[in-house]
Amino acid sequence: MNAPLEAGLAPYVLAETREGVCTLTLNRGERFNALSQAMIAALEAELDRLAEDRATRVVVLAANGKGFCAGHDLKELRAHPELDWQRQLFEACSRMMIKLTRLPQPVIARVHGIATAAGCQLVAMADLAVASDTAMFALPGVNVGVFCSTPAVGVARNVARKRVMEMLLTGETIDAATALQWGLVNRVVPAAGLDAAVAHFTGIVLARSREVVALGKRAFYEQIDQVLAGAYERTGEAMACNLLLPDAAEGIDAFLGKRSPRWRP
């Protein structure tokens with residue numbers, strides 16, 4: 001799935017490395033860093049590069065703008081009512097999410113504002129997550145006729161089953177304190193202290209053995225997520241098919257049109 005950068009646009013993902021710490025910054029703040037085809041491709045390309053970069057010891061996943069990530073780009077999803085296109089998108093997104101766990105370096109999510117749907121999934125798939133006390137999390141797809149099946153794979157590996165089902169079935173937002181209590185994030189701090197809290201973790205990782213950390217991370221995910229790839233394959237297919245349902249079309253159109261959806265009886 002190739003997604004070249006449109007002429008005149010800044011990079012979808014900014015990468016900056018300092019003293020062994022690479023910060024990947026989602027750079028579509030005006031769109032709440034929606035995971036469009038191009039954004040997914042850009043992020044995956046950076047992960048592939050970092051996987052071969054022995055000088056980088058830890059990765060921080062951050063975002064520009066008012067929020068961390070609002071999930072998939074609904075306008076883009078609505079513009080492609082073809083099953084093959086939908087399958088390819090969710091296959092690419094799932095592949096990128098899995099690469100976060102397969103990256104030899106620990107990944108720390110730096111979360112501010114909203115982290116919803118696939119944005120919440122990004123937080124869940126990071127090894128560690130630090131959130132500002134004003135951050136908000138949700139799996140709201142059901143509100144627009146698209147059940148958050150793939151985001152649930154990552155979130156359910158962090159949060160207890162009934163809590164995840166609550167998020168999936170209600171689509172309601174939880175605050176940072178609740179996300180901490182439920183296990184979705186590691187720390188919640190005032191916005192002004194977010195960078196310091198991230199630096200606390202990066203400093204610890206930098207003081208550890210690169211080889212040991214890489215080996216330990218690999219072993220951890222191999223033993224705890226034996227069925228991860230299969231789960232993403234199944235839920236990717238579910239989401240691709242979901243996007244072709246009339247209720248998905250109605251829900252997204254209603255959201256984009258700022259009206260209430262009219263579900264089929």
Heavy-atom check, side chain of L128 versus side chain of P106, under 4.5 Å: no

Side chain to side chain contact (heavy atoms under 4.5 Å, CB included) partner of V107, chosen from K99, M125, K217: K217

Sidechain-backbone polar pair: Q105 side chain, D53 backbone, donor-acceptor under 3.5 Å: yes

Side chain to side chain contact (heavy atoms under 4.5 Å, CB included) assessment of L61 paired with F68: CA-CA 9 Å; L61 186 59; F68 181 72; 4.2 Å; yes

Spatial distance of atom CG (N242) from atom OG (S149) [nearest 0.5 Å]: 6.5 Å

Same cluster (ILVMFWY, side-chain, under 4.5 Å), L206 and V60: yes

Whether W85 and H80 hold their rings parallel, tilted or perpendicular, with breakpoints at 30° and 60°: parallel

Minimum heavy-atom distance between A126 and Y221, given as atom pair plus value: O-OH, 4.4 Å

Spacing of CD belonging to Q121 relative to SG belonging to C93, to within rounding of 0.5 Å: 5.0 Å

Side chain to side chain contact (heavy atoms under 4.5 Å, CB included) between I252 and L243, intermediate numbers included: CA-CA 10 Å; I252 293 175; L243 263 297; 3.8 Å; yes

Short side-chain to backbone donor-acceptor contact, E76 and Q37, under 3.5 Å: yes

4.5 Å side-chain heavy-atom contact, F32 and D73: no

Note, V205 side chain near V21 side chain (heavy atom, < 4.5 Å): no

Within-4.5 Å side-chain heavy-atom neighbours: F220 and D127: no

R78 side chain to D253 backbone, donor-acceptor under 3.5 Å: no

Gap separating the CG atom of N158 from the CZ atom of R163, nearest 0.5 angstrom: 14.5 Å

Nearest heavy-atom neighbours spanning V123 and L184: CG1-O, 4.0 Å

Rounded distance (nearest 0.5 Å) linking atom OG1 of T116 with atom CD1 of I174: 12.0 Å

Within 6.0 Å of CD in E82, more than 12 heavy atoms from elsewhere: yes

Short side-chain donor-acceptor distance under 3.5 Å, S132 and T134: yes

Axial cation check for Y12 ring with R28, 6.0 Å and 45° limits: yes

C241 side chain reached by L83 side chain, heavy atoms, under 4.5 Å: yes

Heavy-atom donor-acceptor pair, T25 side chain to A62 backbone, under 3.5 Å: no

Any side-chain heavy-atom pair of R31 and S36 under 4.5 Å: no

Steps toward side chain to side chain contact (heavy atoms under 4.5 Å, CB included) verdict (L122, V111): CA-CA 10 Å; L122 268 181; V111 188; over 6 Å; no

Expected output: side-chain N33 to main-chain N64 donor-acceptor under 3.5 Å: yes

Gap separating the OG1 atom of T235 from the CD atom of E233, nearest 0.5 angstrom: 9.5 Å

CG on L24 to CG on L47, rounded to 0.5 Å: 6.5 Å

Least distance between heavy atoms, W263 atom then D247 atom: CZ3-O, 3.2 Å

Side-chain heavy atoms of V130 within contact of L194, under 4.5 Å: yes

Atom of S94, atom of T150 and distance for their closest heavy-atom approach: OG-CG2, 4.1 Å

N/O donor-acceptor pair under 3.5 Å between N186 side chain and A129 backbone: yes

Minimum heavy-atom distance between C120 and F137, given as atom pair plus value: SG-CB, 4.3 Å

V146/M239 under side chain to side chain contact (heavy atoms under 4.5 Å, CB included): CA gap, chis, key distance, verdict: CA-CA 7 Å; V146 185; M239 290 199 75; 4.0 Å; yes

CZ/F147: more than 12 non-hydrogen atoms of other groups inside 6.0 Å: yes

Same apolar cluster (I L V M F W Y, side chains within < 4.5 Å links), L100/L35: yes

N/O donor-acceptor pair under 3.5 Å between R187 side chain and V198 backbone: no

Salt bridge flag under 4.0 Å for residues D195 and R110: yes

Residue R49 excluded, over 12 heavy atoms near CZ under 6.0 Å: yes

Cluster overlap L180 with V159, hydrophobic side-chain contacts below 4.5 Å: yes

Heavy-atom side-chain proximity of L89 to L77 below 4.5 angstrom: yes

same_hphob_cluster(L244, L74) at 4.5 Å side-chain heavy-atom cutoff: no

Ion pair check, R259 and E250, cut-off under 4.0 Å: yes

Salt bridge (Lys or Arg N to Asp or Glu O under 4.0 Å) partners of E91, counting only residues at least two apart: none

Residue E30 excluded, over 12 heavy atoms near CD under 6.0 Å: yes

same_hphob_cluster(V59, V213) at 4.5 Å side-chain heavy-atom cutoff: no

Distance-minimising heavy-atom pair for V13 and N27: N-CB, 4.4 Å

